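These notes are about the structure you will find just below.
As the structure is a computational prediction, the values presented were derived from the model and not from experiment.
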Amino acid sequence: MITCVDDLRQLARRRVPRMFYDYVDAGAYTEATYRANERDLAHLTFVQRVGIDISDRKTNGTILGQPVTMPLALAPTGLTGMQHADGEILAARAAERFGVPFTLSSMSICSIEDVAQATRSPFWFQLYVMKDRAFIERLVARAHAAGCTALVVTVDLQVQGQRHKDILNGLSTPPKPTLRNLINLATKPRWCWGMANTRRRTFGNIVGHVAGTDDVSSLAGWVSQQFDQTLSWKDVLWLRGLWDRKLVVKGVMTPDDAQAAIDHGADAVIVSNHGGRQLDGTHSSVSALPAVVARISTQAEVHIDGGIRSGQDLLRVKALGAHAAYIGRPFLYGLGAMGEAGVRRCLEIIHRELDITMALCGVTDIGDVDPSILTGGRNPFQQAVTP
């Protein structure tokens, strides 16, 4: 019986090959920041209210002008199609049917065109800025032609944080036929059957679209060769000139960086430490949120990711001023566990948790949530970095 996101996690761990499960369920170096994202959210406690008519509750709203069932989106996640065959397509369909946005990663297995062909509602596209700017221009044009309504530019991966599990597992796509991998794959018949029946097993947005990438098999190798350490705000301004729809900057952790993103054309920012997968030892996303909200919330939407595992976590970040939140690991657990049905179940769980927690806090409209529902008040993270 699946009652919470952790049930999906445990089932995914049994069904997904070790290297791809570990790719999701891991952080950089000591994983201190990965753990801090969840811990700091859990430390925010609610104020229970009674004697209030809570019979008519609303969780719906908008994100970037798009109507949503709840203020949540599926985050861009690399190698989604290695959690389950055709994973990006299945996750996009589940999000579409539930009424929340789906964001396709540059490092997806299913291509932009694959997802566009399999869905009816517009989705969002996440962009890593690579050295080959001509390729980036083509990639942005492909997203535009596919009808993507938002471009999410990730700015915190100029260099890749080391993730020990990926190195130990020899992460590659498709998996290399080593003895260790073959033994592990023999215990995952559902996954193997699915992958045997799809043609999508490598980086669909890259392979065949750039000279010399017809045989790309290593995510780490591609990142080390192509991700651009010269990335700066002028590149965001350049992308603003290429893209006439919503532009979101992902990976800001300070008010100054958030303001710079807005000054260079962003319509929204995502407060994010990349799920603890980049700079280990930095503070949690939620502890950075209040200062960013205080600086730019009157200018643009403030979104957040990192550590959100439940509807209660979604309500916590809403109380601190986030317009919306993103989930990565929870929907990937659902995908690995049960495919499209698992992503749908993940969204149902989070939505029900959000609704019940709102009720017990005496709130009937998600748009009315404010810091008064938290015992810590407006900024319980006084030590967060603020410059």
Side-chain angles (χ1 to χ4, degrees), residues 4-5 40-75 94-103 121 124 149-150 246 248 267-271 285-286 289-327 330-331 344-381:
C4 62
V5 166
D40 287 356
L41 278 163
H43 285 171
L44 296 172
T45 55
F46 295 107
V47 176
Q48 183 171 333
R49 298 295 307 278
V50 296
I52 300 170
D53 182 351
I54 56 171
S55 58
D56 183 21
R57 296 188 299 282
K58 293 172 53 180
T59 63
N60 61 299
T62 63
I63 307 175
L64 298 176
Q66 176 177 330
V68 293
T69 302
M70 58 179 166
L72 189 77
L74 300 194
E96 176 182 75
R97 291 167 181 170
F98 198 85
V100 297
F102 169 78
T103 316
S121 298
W124 301 348
T149 52
K246 296 296 185 181
V248 182
D267 298 296
V269 300
I270 305 176
V271 178
S285 294
V286 69
L289 176 64
V292 173
V293 168
R295 174 74 73 87
I296 68 157
S297 62
T298 59
Q299 305 172 63
E301 292 185 11
V302 179
H303 303 171
I304 184 172
D305 72 13
I308 295 164
R309 303 288 183 267
S310 66
Q312 290 189 320
D313 290 338
L314 177 55
L315 191 61
R316 288 173 170 117
V317 297
K318 282 292 293 180
L320 291 179
H323 188 87
Y326 296 68
I327 55 169
F331 94 80
R344 172 81 187 195
R345 184 66 183 129
C346 169
L347 292 170
E348 290 171 346
I349 288 168
I350 290 175
H351 185 258
R352 179 169 173 76
E353 290 170 341
L354 173 66
D355 177 62
I356 291 175
T357 308
M358 282 174 53
L360 294 174
C361 290
V363 178
T364 57
D365 190 329
I366 191 69
D368 295 335
V369 172
D370 63 32
S372 66
I373 71 166
L374 299 177
T375 56
R378 184 169 297 277
N379 189 353
F381 302 106

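Looking only at side-chain heavy atoms (C-beta outward), L320 and V286 come within less than 4.5 Å of each other. Between K246 and T149 there is no side-chain heavy-atom pair separated by less than 4.5 Å. Counting heavy atoms from C-beta outward, M70 and L354 have side chains that approach closer than 4.5 Å. Side chains of P101 and I63 form a contact here, defined as non-hydrogen atoms less than 4.5 Å apart. Within the 4.5 Å cutoff, the side chain of C346 has heavy atoms near those of the I327 side chain.
Applying the ring pair (Phe, Tyr, Trp, His ring centres under 6.0 Å) test to F102 and every residue at least two apart in sequence or in another chain returns nothing. Applying the side-chain hydrogen bond (donor to acceptor under 3.5 Å, both in side chains) criterion to R97, with sequence neighbours excluded, gives E340. Residues forming a side-chain hydrogen bond (donor to acceptor under 3.5 Å, both in side chains) with E353 (at least two apart in sequence, or on another chain): none. In this structure, the side chain to side chain contact (heavy atoms under 4.5 Å, CB included) partners of T69, at least two apart in sequence or on a different chain, are F98, H351. Partners of T357 according to the side chain to side chain contact (heavy atoms under 4.5 Å, CB included) rule, which considers only residues two or more places apart in sequence or in another chain, are F46, Q312, L315, C361. Residues satisfying the side-chain hydrogen bond (donor to acceptor under 3.5 Å, both in side chains) criterion with S121, sequence neighbours excluded, are E96.
Of the candidates I373, I54, T59, T59 is the only one forming a side-chain contact (heavy atoms from CB on, under 4.5 Å) with M358.
Shown here for G306 and L41, the closest heavy-atom pair between the two residues is O-CD1, 3.8 Å. Scanning all heavy atoms of the two residues, the minimum distance from A300 to D267 falls at CB-O, 3.3 Å.
Put simply, the side chain of H303 never gets that close to the backbone of A73: no donor and acceptor are under 3.5 Å apart. Side-chain atoms of R316 come within 3.5 Å of backbone N or O of L44 as a donor-acceptor pair.
Within the structure, salt bridge (charged side-chain N to carboxylate O under 4.0 Å, His left out) pairs that include any residue of residues 46-67 comprise R57-D355, K58-D365 (at least two apart or interchain). Identified under the salt bridge (charged side-chain N to carboxylate O under 4.0 Å, His left out) test for residues 297-306, with sequence neighbours left out: K250-D305.
In summary, E348 and R344 engage in a salt bridge, as defined by a charged side-chain N under 4.0 Å from a carboxylate O.
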